[in-house]
Amino acid sequence: MDYKALSELLFPDVKDTLQDYEIRYPWRDLPKEAMVTRLAPSPTGFIHLGNLYQALANERLAHQSQGRFILRIEDTDEKRKVEGAIELLVSTLAYFGINFDEGILCNPQGDYAPYQQSERRDLYGAAAKFLVANDCAYPCFCSEEELALSHQRQADEKADFGYYGIYAKCRDLTIDQVKDKLSQHIPFTIRLKAKGDPNGTFTIHDGIRGDLTMPQNTNDTVLLKSNGLPTYHFAHAVDDHFMRVTHVIRGEEWLSTLPVHVQLFEYLQFPLPVYCHTTLLLKQDGEIRRKLSKRKDPELSLEYYKSLGYHPLAVKEYLMRVLNSNYEAWRDENPKADLTGFSFTTAKMGSSGALFDLSKLNDVSKDILADLSVEALCDFFLDWVKDYDQDNLTIYNDKAYLKRIFMVGRYDNNPRKDLIYGKQITEKIAFYFDTLFAIKEGLPPAIDNASAKELITAYLETMDISDDKETWFNKVRALCEVHNYALKAKLIQKEPGKYRGHIGEVTAVFRLALAGTLNAPDLWELQQAMGEQRVVERLQKLYNAL
Ligand code: GLU
């Protein structure tokens, strides 16, 4: 059979050869250790944690090795395309600090463009033509119905599913039979002519999983669909080769088709990249660990973190811990270092499920927010309010006040770490703002209304907002002594009946007046943030309500 003639028959318009593309897309001039990686999402409009997880690994490996990080859009599945999805993807990843060196909307004129598969048809045509000419691919004219029948027959015969052996009807068509079908305009796909040994295996080194022994591929997988667009398998081989990708870091779901990919690289005479199959992100759900699900777990979507107002650094920092087993130890030794200082390695990536735990993310987030300067925290918070809580924006008009609020509890020996994310912060600081303030609890049981009023009156008499903490506290002690409240709670047990209550209960009254709850930050600091007028008003308000 003259395979060259067959290839001409099938691809009369494809003029450029793979050799031409080898010249057009030369090997990159980069340092020897440099890694070229890529993120290759489909533009479905749904951007999930897995995308960020993959992106972070790819980005770190490329940039820490002076390599290149590419965004390639895998848009050959028309059904999955969503308008605006690429813009959303790029902006969302940029929000999390993931920036590409090449790719659509990043650097679309990069030397390896186009970066969108739907614009790379010619290249796939040239590769398919090459395979046909080398007896490594062939046209298949089977209709959907015929394929469905064959599938049914395999089910009945308990045979493996696929297009192979006796089921591969078009594998050995003569050139005249092909000509005949072409003249009838029967649509065709191009299939790989798999030459694997059904009992054979091969061994490949995975950058994460180590040496893997897998069965050889015997299935004549579709490479080009009847519309001329490639399947994932084919596009992956062609694009990763001609974009000169060195490391293919992708999800575990692609592991089972690795034998097809290895075979394709061999038939196309391309050197193999290093494959790194990441593990799934899991969630603890009661007793079981399961894959995060789009339907059940809102936290799978990156929009979840943006809309709740998680700081992007917190999400990244936490993902680094999930991604690389030695990251946490590094962080303990380098608490203030930028995460780019960590040497990321594929060998330290897990291969048997990575647990994603929101409560751990929250802990990381508390540390990250506590480490931000008050100015940076204010800016981050206000940006989030602008995007996600617009209606309440005016509440935070007084930026100086917001800053004073964020200072509360910051400069203790043990700085407060109770701010987690934008929405939670709005709830946490709501009481500082008069329009949101409400008294939500009652007085401590030891103090009745009349006593509380008496205490508020006495407190207002001596209160001076400019008192330092010590002076203020001495006044509170004096007030307790005058009104017969113990200066220590345990004194009450020592001499029952002697005191009306203790100092903690006295300050609880003032705390209730200022914060609306008994559980509030340090009273003196609260007052400093609120300012005299607001403090007096609130004390009077509680007084009047009693
Ligand atoms: N489009 C594929 C996906 O989103 C890409 C897999 C790969 O990275 O090769 O799963």
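Predicted model only: the values in this text are computed from it and were never measured. All residue numbers in this chain count up from 1 along the given sequence.
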field: Of all pairs that satisfy ring-ring contact (aromatic ring centres under 6.0 Å, His included), the ones with a partner from residues 72-102, not counting sequence neighbours
entry: Phe69-Phe100
With a 4.5 Å cut-off on side-chain heavy atoms, are [Y] and [X] touching?
| X | Y | answer |
| --- | --- | --- |
| Leu182 | Leu10 | yes |
| Pro271 | Phe265 | no |
| Leu89 | Leu71 | yes |
| Phe141 | Lys181 | yes |
| Glu299 | Lys283 | yes |
| Asp371 | Lys336 | yes |
| Leu292 | Leu282 | no |

Between [X] and [Y], is there a donor-acceptor pair closer than 3.5 Å when you use the side chain of the first and the backbone of the second?
| X | Y | result |
| --- | --- | --- |
| Gln424 | Asp418 | yes |
| Asn58 | Leu39 | no |
| Gln177 | Thr174 | yes |
| Ser307 | Glu303 | yes |
| Ser365 | Ile420 | yes |
| Lys225 | Thr76 | yes |
| Ser226 | Pro187 | no |
| Gln263 | Asn217 | yes |
| Tyr275 | His247 | no |
| Gln390 | Lys386 | yes |

Considering residues at least two apart in sequence or located in another chain, which fulfil the side chain to side chain donor-acceptor pair (under 3.5 Å) criterion with [X]?
| X | result |
| --- | --- |
| Glu8 | Lys129 |
| Ser359 | Asp357 |
| Asp338 | Thr340 |
| Arg290 | Asp285, Asp297 |

Checking side-chain polar atoms at under 3.5 Å, does [X] have a donor or acceptor matched by the opposite partner on [Y]?
| X | Y | value |
| --- | --- | --- |
| Asp75 | Gln117 | no |
| His277 | Arg209 | no |
| Asp239 | Tyr124 | yes |
| Thr17 | Gln19 | no |

Pair [X] + [Y], salt bridge at N-O below 4.0 Å:
| X | Y | answer |
| --- | --- | --- |
| Asp220 | Lys193 | no |
| Arg38 | Glu102 | no |
| Asp387 | Lys306 | no |
| Arg331 | Glu333 | no |
| Asp122 | Lys15 | no |

Heavy-atom closest contact (Ala62 atom, Thr37 atom, distance):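 Heavy-atom minimum between the residues: CB-OG1, 3.5 Å.
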- prompt: If every non-hydrogen atom of Gln154 is compared with every non-hydrogen atom of Phe161, which pair is closest and at what distance?
  reply: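 Nearest pair, atom of Gln154 first, then Phe161: OE1-CA, 3.2 Å.
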field: Quiz item: cation-pi between Arg171 and Tyr164, 6.0 Å / 45°
entry: no
Asp16 and Arg24: CA distance, side-chain angles, deciding distance, salt bridge (charged side-chain N to carboxylate O under 4.0 Å, His left out) verdict: CA-CA 11 Å; Asp16 290 342; Arg24 189 167 317 161; 3.3 Å; yes
Check for me whether the distance between the ring centres of [X] and [Y] falls short of 6.0 Å.
| X | Y | answer |
| --- | --- | --- |
| Trp254 | Tyr232 | yes |
| Phe130 | Tyr267 | no |
| His241 | Tyr21 | no |

field: Residue of the set Tyr318, Phe344, Phe342 for which ring pair (Phe, Tyr, Trp, His ring centres under 6.0 Å) holds with Tyr327
entry: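 Exactly one pass, corresponding to Phe342.
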field: Partners passing side chain to side chain contact (heavy atoms under 4.5 Å, CB included) against Asp211 (at least two apart in sequence or in another chain)
entry: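 Side chain to side chain contact (heavy atoms under 4.5 Å, CB included) check on Asp211 returns Thr203, His205.
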